Amino acid sequence: MTHVPEPRTMTHDFDYRSPYRSTRLPVFARNVVATSHPLAAQAGLRILGQGGNAVDAAVATAAVMTIVEPCSNGLGSDAFCILWDPATGQLHGLNASGRAPAAWTPEYFRRKHGDAAVNPPVRGWDAVTVPGAVSAWVALSERYGKLPFADLMAPAIEIAERGYAVPVVVQEKWAAAAQVQALASQPGFAETFLPRGRAPAVGELFRFTGAAKALKAIAATRGAAFYGGEIAEALARQAAAQGGAMTVADLAAYRPEWVTPIGQDYRGHRLHEIPPNGQGIAALIALGILQHFDLAGLGADSLAAQHLQIEAMKLAFADVYRYVAEPASMEVTAEQMLDPAYLAQRARLIDPKRAQDFGAGNPVKGGTIYLTAADERGMMVSFIQSNYMGFGSGVVVPEYGVHLQNRGHAFSLQAGNANGVAPGKRPFHTIIPAFLTKDGQPVMSYGVMGANMQPQGHMQTLVRMLDFGQNPQAACDAPRWRFNAGLEINVEAAMDPAVVQGLRDLGHRTEVIQDSYQDFGAGQFIWRLGDPAVEGYVAASDPRRDGLVAGW
């Protein structure tokens, strides 16, 4: 075998912080892929050029994203999808969030972590549920794909083997996460993600050979290697060696779930989200409240419009954090939470002149990468996958480049909590794809990344498009706010200072934040213009990330 020397890293001492605010224009095309890394978007477009459809492109893009943005997602991530199938004229949802290992009970965690623990730990094997992302790729390909599954893995394998130059935003997040001692001390993490003893520099080459090996096995077995073959066995061996509970049987038992999206009408359109155990219902509740106000008469960037949206979102989260869990554990249903009369009642609680700290109501009567793809045949895919907190649990199996999410931390260990841990149960989940229709026909596939920013971003960008007529790129570019808890909100530095002061005067505890990506998410949007084979789509990608819209 010919030895290929490690290339020298030739860097220049550039200042990669731009002193200017960039302006992007929307992209018009009949076949489109939009995500937060150019190599991933190009991979999806390559698959479309080979005769694949939007599902094929989405799967290939998702696989590449595990390689080029490991600080956000990986082979050990979870995933969700909403897609429009033009053959049936229907929306379909896929929930590929992970389930708890069979050994996980409250007693298991009390025995290992003490009676005072409120949640499972943030790092290590006791934070890891069975990863669902690979199962989502396989399920989508089997039901809707056109090309062989192995073809969809090829771009990711190539990039993992040859390496890539680490871009600015990814490097910033990588370096920030890698400084956490809890991550660096996890077995396998440093040797995989801290080459040369540190996070890669901007523009520095990073090769991911372990992940290339895993992807080849996944490609050859259509995912079976991950859930019952060599990768599953490697995961179970490491879990046993490091005191974790996950077994090959846990992995083999896992199946993603096809679900019917839930929806909320708004301004002649309907927004669709994955039903609980996810937080997408928060965006639906907020829109159901906002439809009782005339936002269009207030101005897109006005103080009044921002205040009403913030208050609606606070009301939504009050109920979501109180009630949302695995559906079988919820004491109320999604339908009850979205009941029009109940939402009208909640809307009446908003005071246009004062910020409030809302509690949950009674609906009973008496991190992350996102991508979207669309093709000229009309198929549209809204897809999201995530580790949760940066690199997730910090658990890495170096031989296969598999690093695992920490979604188990979202379970509760408190008695009586609907989100309480139990064997085979799914925790409350933050990642949510979105889809918009009008009169039963597809309009837009879109999503915004960033923990609880996701439903907030879904709502804020959609209000800009439907109430104020802003195009997807403008709605994507506009400054955002983020509700945290109580009366606390963050706002982007680009927001009008007069509006920021006005929010403070109304009682919002407002902090101006410069770090837009970390606090305000980033999104991608594909809006259908008409007949996809003729007019095609208009697409946008967020300037808060290194994203790209690729189309032809």
Side-chain angles (χ1 to χ4, degrees), residues 21-24 26 34 36 169 173 266 271 279-280 282-287 289-290 295 298-317 355 367-370 384 430-434 436 444 446-485 487-504 506 508-525 540-547:
R21 183 171 176 83
S22 297
T23 300
R24 290 186 176 180
S36 57
V169 174
K173 187 173 184 183
Y266 187 74
L271 178 64
Q279 65 172 341
L284 305 182
I285 293 171
L287 289 174
I289 291 170
L290 284 177
L295 291 183
L298 301 176
D301 296 296
S302 67
L303 170 62
Q306 302 309 310
H307 172 69
L308 289 174
Q309 291 175 71
I310 292 168
E311 296 297 279
M313 200 74 243
K314 286 157 65 174
L315 283 162
F317 274 127
T368 301
I369 69 93
Y370 174 81
I384 196 163
T430 59
I431 60 173
I432 51 172
L436 188 70
M444 179 173 64
Y446 79 112
V448 176
M449 297 166 269
N452 75 339
M453 183 63 213
Q454 293 176 61
Q456 302 186 57
H458 288 190
M459 183 200 71
Q460 290 179 62
T461 53
L462 194 62
V463 163
R464 287 184 175 277
M465 286 180 256
L466 299 187
D467 284 286
F468 303 110
Q470 294 186 345
N471 73 68
Q473 187 64 61
C476 187
D477 292 351
R480 298 177 192 150
W481 48 264
R482 173 174 178 159
F483 165 67
N484 294 318
L487 298 174
E488 296 177 3
I489 62 169
N490 296 341
V491 298
E492 286 192 277
M495 185 171 286
D496 182 350
V499 172
V500 174
Q501 185 56 51
L503 291 170
R504 289 171 175 155
L506 290 174
H508 298 280
R509 296 172 186 164
T510 306
E511 181 180 5
V512 178
I513 301 292
Q514 295 287 343
D515 186 358
S516 296
Y517 161 55
Q518 294 291 345
D519 285 88
F520 303 100
Q524 281 78 40
F525 306 75
S541 184
D542 206 304
R544 297 166 182 82
R545 294 290 290 269
D546 298 313

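Predicted model, so just to flag it, every value in this text is computed and none were measured.
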ask   = Can Asn490 and Asn484 be said to form a side chain to side chain contact (heavy atoms under 4.5 Å, CB included), step by step?
value = CA-CA 7 Å; Asn490 296 341; Asn484 294 318; 3.3 Å; yes
Taking all non-hydrogen atoms of both residues into account, name the closest pair between [X] and [Y] and its distance.
| X | Y | result |
| --- | --- | --- |
| Thr430 | Gln279 | O-NE2, 2.7 Å |
| Gly299 | Phe468 | C-CE2, 3.5 Å |
| Asn471 | Pro26 | OD1-CG, 4.3 Å |
| Pro479 | Met495 | CB-N, 3.8 Å |
| Ser36 | Gln524 | N-NE2, 3.8 Å |
| Val448 | Gln454 | O-CG, 2.8 Å |

query = Among Glu488, Lys314, Gln306, which one satisfies side-chain contact (heavy atoms from CB on, under 4.5 Å) with His508?
reply = Lys314
query = In this structure, are over 12 heavy atoms from other groups packed under 6.0 Å from Arg509 atom CZ?
reply = no
From [X] atom [atom1] to [Y] atom [atom2], the distance as rounded to the nearest 0.5 Å:
| X | Y | atom1 | atom2 | value |
| --- | --- | --- | --- | --- |
| Met444 | Met465 | CE | CE | 3.5 Å |
| Trp481 | Met453 | CH2 | CE | 7.0 Å |
| Ile489 | Glu511 | CD1 | CD | 10.5 Å |
| Leu308 | Leu303 | CG | CG | 9.0 Å |
| Phe520 | Gln456 | CZ | CD | 9.5 Å |
| Tyr266 | Ile289 | OH | CD1 | 11.5 Å |

key: With sequence neighbours excluded, residues passing side chain to side chain contact (heavy atoms under 4.5 Å, CB included) with Ala434   = Leu271, Glu273, Tyr446, His458
task = Could you tell me which residues satisfy side chain to side chain contact (heavy atoms under 4.5 Å, CB included) with Ala540, sequence neighbours excluded, listed by chain and number?
result = Pro472, Gln473, Phe525
key: side chain to side chain contact (heavy atoms under 4.5 Å, CB included) between Gln460 and Gln309, worked out   = CA-CA 8 Å; Gln460 290 179 62; Gln309 291 175 71; 3.9 Å; yes
task = Could you please spell out the steps behind the side chain to side chain contact (heavy atoms under 4.5 Å, CB included) verdict for Val491 and Val499?
result = CA-CA 10 Å; Val491 298; Val499 172; over 6 Å; no
query = Do any N or O atoms from the side chain of Asp496 and from the backbone of Ser302 form a donor-acceptor pair under 3.5 angstrom?
reply = no
Measuring only between side-chain heavy atoms, which start at C-beta, is [X] closer than 4.5 Å to [Y]?
| X | Y | value |
| --- | --- | --- |
| Leu290 | Met459 | yes |
| Asn452 | Arg482 | yes |
| Val463 | Leu287 | yes |

query = side chain to side chain contact (heavy atoms under 4.5 Å, CB included) between Thr461 and Gln470: does it pass, once the steps are laid out?
reply = CA-CA 9 Å; Thr461 53; Gln470 294 186 345; over 6 Å; no
